[in-house]
S.K.: 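Below you will find the structure I want to go over with you.
The residues of the chain are indexed from 1 along the displayed sequence. Hydrogens, waters and symmetry mates play no part in the numbers below; they use all other heavy atoms, side chains included.
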Amino acid sequence: GYLRLHVGDQVTPDPALVPVVVAYDGDVACGYLRLHVGDQVRIRHEGGRGTDEEGWLFGSSSGGGRGWFPASALGDRRSAGTAAATASARADPPSTTAAA
């Protein structure tokens, strides 16, 4: 999948690994990550507010995959070790088509 960037978006060049606390069964063929509890991911992009990407993250897993996944899969990533999923994601994943 492609990553759409918007003015003001934050992209981290070499982010730390963050543990997955809530599994997500993403469709890999459509540009999403399939995550299991205990997996580690690097967040490359956070979906912008007011866009169809809000509540979604783009990143890579320690297993080598990359794609979109809901922020809720990481729980409260500001407090390491927290198992409560506090971030909410939109019901529909962001589009993985390239912006023209």
Side-chain angles (χ1 to χ4, degrees):
Y2 293 93
L3 176 62
R4 284 184 284 162
L5 296 177
H6 306 279
V7 174
D9 284 351
Q10 299 291 319
V11 178
T12 306
D14 191 22
L17 287 170
V18 179
V20 173
V21 297
V22 178
Y24 173 66
D25 190 22
D27 186 348
V28 176
C30 291
Y32 303 101
L33 275 178
R34 182 170 294 133
L35 301 173
H36 302 91
V37 173
D39 287 352
Q40 300 279 312
V41 294
R42 290 187 193 277
I43 302 167
R44 301 291 182 178
H45 172 74
E46 293 191 37
R49 289 186 181 200
T51 70
D52 65 341
E53 299 165 356
E54 185 172 3
W56 289 82
L57 305 172
F58 185 89
S60 55
S61 70
S62 53
R66 68 180 196 170
W68 288 98
F69 56 96
S72 58
L74 304 182
D76 184 358
R77 65 183 187 277
R78 291 175 299 278
S79 300
T82 300
T86 59
S88 62
R90 288 172 39 96
D92 299 318
S95 170
T96 58
T97 58

S.K.: Compare every heavy atom of Arg34 with every heavy atom of Asp39, then report the nearest pair and how far apart it is.
M.R.: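 Scanning both residues completely, I find the closest heavy atoms to be OD2-O, 4.2 Å.
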
S.K.: In Å and rounded to the nearest 0.5 Å, what is the CH2 to OH distance from Trp56 to Tyr24?
M.R.: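 Going from the CH2 atom of Trp56 to the OH atom of Tyr24 covers 3.5 Å.
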
S.K.: Enumerate the residue pairs fulfilling salt bridge (charged side-chain N to carboxylate O under 4.0 Å, His left out) with a member in residues 56-65, sequence neighbours excluded, ordered by first and then second residue.
M.R.: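 Salt bridge (charged side-chain N to carboxylate O under 4.0 Å, His left out) check on residues 56-65 returns no pairs.
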
S.K.: Hey, what do you get for CD (Gln40) to CG (Leu35), rounding to the nearest 0.5 Å?
M.R.: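 It comes to 11.0 Å.
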
S.K.: Going by heavy atoms in the side chains, are Leu74 and Val20 under 4.5 Å from each other?
M.R.: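 Touching, per the 4.5 Å side-chain cut-off.
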
S.K.: Going by heavy atoms in the side chains, are Trp68 and Glu53 under 4.5 Å from each other?
M.R.: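 Touching, per the 4.5 Å side-chain cut-off.
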
S.K.: Nearest 0.5 Å, what's the CG-CG distance between Leu33 and Leu57?
M.R.: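 Going from CG on Leu33 over to CG on Leu57, the span is 10.0 Å.
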
